[in-house]
Amino acid sequence: MLSGRKILLIIGGGIAAYKSLDLIRRLRDRGASVVPVLTKGGAEFVTPLSVAALAGEKLYRDLFDLGDEAEMGHIQLSRAADLIVVAPATADLMAKMANGQANDLATTLLLATDKRVLIAPAMNVRMWEHAATVRNAEKLKQDGILSVGPDEGDMACGEYGPGRMAEPLAIVAAVEDALLNGPLKGKHVLVTSGPTHEPIDPVRYIANRSSGAQGAAIANALVALGAKVTFVTGPAHAEMPAGCVIVPVETADEMLAAVTKSLPVDAAVFAAAVADWKVISASDKKIKKTKGAKLPVLEFSENPDILQTISSMGKDRPKLVVGFAAETDDVQKNATDKRQRKGCDWILANDVSPATGIMGGSENDVTLISDQGAENWPRMSKIAVGQRLADKISDELDD
Ligand code: C5P
């Protein structure tokens, strides 16, 4: 199944483009969402309307459409997906990809992306067997581009041989293979996310403004690289990530218990905004508002520090432990101190002053602190932060 996975589908200009309509349907049947990009050539074979209607998503066509650039730049578009599929990949598209050309939306996206790309070549048999195409196919393979097909058979041009685009179901199987057998295949990663709720009585609690969006984006990105992800989440507003084992909790104590239970893991990312304090002896009955009576006074005790507990574990300590530091001042210094104090390997530090709009917003501006020092990341969407972190985790676990 491909639930929650995002595919950017580039439809090149070949007669096989008609099969891409079926491909969209088949991918969506498996739960994937498909954002279509129709090349100028592709639009000679299938209509924009049919592509957009089948995908149920906005169709992207032209690099210089200012509306699109304002809404979603081509860089962002090229990175918001888990996988880019080019079907049909014509000889011309393959040549441009092999040479790094970027003269329209499709080729620009392919050059700008940091995601894996799967091509389904389709062309006349002579074109497929031409030395130039053979060279280009080899170059693309060396660049890590995945490929499915072409099949052998009768072709629309009347000739026979290899060159027919792989059937939609074979492309779907290749997509599943690419997504499930990513670089984090066989790795188990734990992510904590969201706020915690600390009860005062059965109906009242203390909470914070964390939406859980950053944690969900990290989990989605890890799943897209093939990891098994356990997602321990407090009561969050953000959409739950797909393809994870989700463990809902309420309090910090419950979160610690759930985290401990999910060990051992290869890496753990602590993105939850855990409440620092809990109410001592929370009432098991609703505290009544009685006229003239003394106002209730809440007494607090400290919650367990989950990140610190896991960082200082002996044999079950994950190979890589990542924490967050939400600060409002002196971000880098405070985060560097926090990394020492908590004993984690990396800290993602961010400024959550109200003016930044980060807490509860869709963007994040982080600095990664490790034993190598501080690495400033440009301001980007929380989705992009999740993907960049997942890529880094994948590199680290690979070593
Ligand atoms: O100490 P502070 O709350 O700023 O630390 C933030 C980091 O520690 C985050 O990674 C957060 O998930 C983690 N944390 C935790 N348990 C706590 C408090 C914070 O895991 N009780």
Side-chain angles (χ1 to χ4, degrees), residues 7-27 34-55 57-65 67-69 74 77-78 81 83-113 115 117-130 132-137 139-140 143 145-151 153-159 161-168 170-171 174-175:
I7 311 291
L8 187 78
L9 174 66
I10 296 177
I11 302 176
I15 182 67
Y18 79 91
K19 287 199 210 168
S20 301
L21 298 179
D22 190 32
L23 175 61
I24 294 175
R25 209 171 52 84
R26 304 280 185 180
L27 287 168
V34 180
V35 175
V37 175
L38 188 58
T39 62
K40 222 167 146 199
E44 300 289 333
F45 293 92
V46 289
T47 71
L49 194 61
S50 45
V51 174
L54 279 166
E57 295 273 350
K58 180 176 166 52
L59 169 72
Y60 290 86
R61 295 189 64 182
D62 216 303
L63 179 56
F64 301 107
D65 180 334
D68 289 347
E69 280 296 300
H74 60 274
L77 183 59
S78 75
L83 182 74
I84 299 190
V85 177
V86 187
T90 59
D92 178 60
L93 258 174
M94 285 177 64
K96 284 179 175 152
M97 287 173 74
N99 290 292
Q101 273 175 261
N103 58 357
D104 62 6
L105 177 61
T107 48
T108 305
L109 293 175
L110 286 161
L111 200 60
T113 191
K115 292 292 138 31
V117 177
L118 170 73
I119 59 170
M123 64 199 73
N124 164 273
V125 54
R126 301 276 161 263
M127 292 168 80
W128 176 247
E129 287 174 347
H130 193 284
T133 308
V134 171
R135 254 192 328 269
N136 291 334
K139 249 197 219 173
L140 292 174
D143 288 348
I145 304 287
L146 307 166
S147 180
V148 52
D151 292 346
D154 287 323
M155 308 197 59
C157 53
E159 293 190 49
R164 284 163 61 109
M165 187 168 89
E167 291 305 317
I171 301 177
V175 167

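Starting from 1, each residue takes its place in the sequence as its number. The basis for the numbers below is simple: all heavy atoms, side chains too, and nothing from hydrogens, waters or symmetry mates.
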Residues in side chain to side chain contact (heavy atoms under 4.5 Å, CB included) contact with N99, at least two apart in sequence or another chain
Q101, N136, K139
Give me the atom names and distance for the closest heavy-atom approach of A170 to V148.
O-CG2, 4.0 Å
Shortest non-hydrogen contact from P36 to A55?
CG-CB, 3.7 Å
Point-to-point distance, once rounded to the nearest 0.5 Å, from CG of L27 to CG of L54
11.5 Å
Where A43 and R61 come nearest, the two heavy atoms and their spacing:
CB-NH2, 3.5 Å
Could you give the side-chain donor-acceptor pairs of residues 83-97 under 3.5 Å, partners two or more places apart or in another chain?
from: T90; atom 1: OG1; to: L93; atom 2: N; distance (Å): 3.0
from: D92; atom 1: OD2; to: K96; atom 2: NZ; distance (Å): 3.1

Determine whether a donor-acceptor pair (N or O, by modelled atom type, separation under 3.5 Å) exists between the side chain of R164 and the backbone of D154.
yes
Report the residues that fulfil salt bridge (Lys or Arg N to Asp or Glu O under 4.0 Å) with K115, sequence neighbours left out, ordered by chain and then residue number.
none
Locate the shortest heavy-atom distance separating F45 from G13; write the atom from each residue and the value.
CE1-C, 3.5 Å
Return the CD1 to CG distance between I171 and L23, rounded to the nearest 0.5 Å.
5.0 Å
Short question: side chain of T113, backbone of L110 - any donor-acceptor pair under 3.5 Å?
no
Can you name the closest pair of heavy atoms from M123 and T133 and give their distance?
SD-CG2, 3.8 Å
Look up atom CG in L118 and atom CD1 in I145, then write down how far apart they are to the nearest 0.5 Å.
9.5 Å
Nearest non-hydrogen partners of M165 and D151, listed with the distance:
O-OD2, 4.0 Å
Who pairs with R135 by salt bridge (Lys or Arg N to Asp or Glu O under 4.0 Å), at least two apart in sequence or on another chain?
none
Among all residues two or more places apart in sequence or in another chain, which pass the side chain to side chain contact (heavy atoms under 4.5 Å, CB included) test with P162?
V125, W128, E129, E152
From CD1 (I11) to CG (L21), nearest 0.5 Å
6.5 Å
dist L109:CG -> L77:CG (nearest 0.5 Å) comes out at 5.0 Å
At what distance, to the nearest 0.5 angstrom, does CD1 of I10 lie from OG of S78?
9.5 Å
With side chain to side chain donor-acceptor pair (under 3.5 Å) as the rule and sequence neighbours excluded, what pairs involving residues 38-47 come up?
T47-S50
Indicate yes or no: does D22 engage K19 in a salt bridge with an N to O separation below 4.0 Å.
no
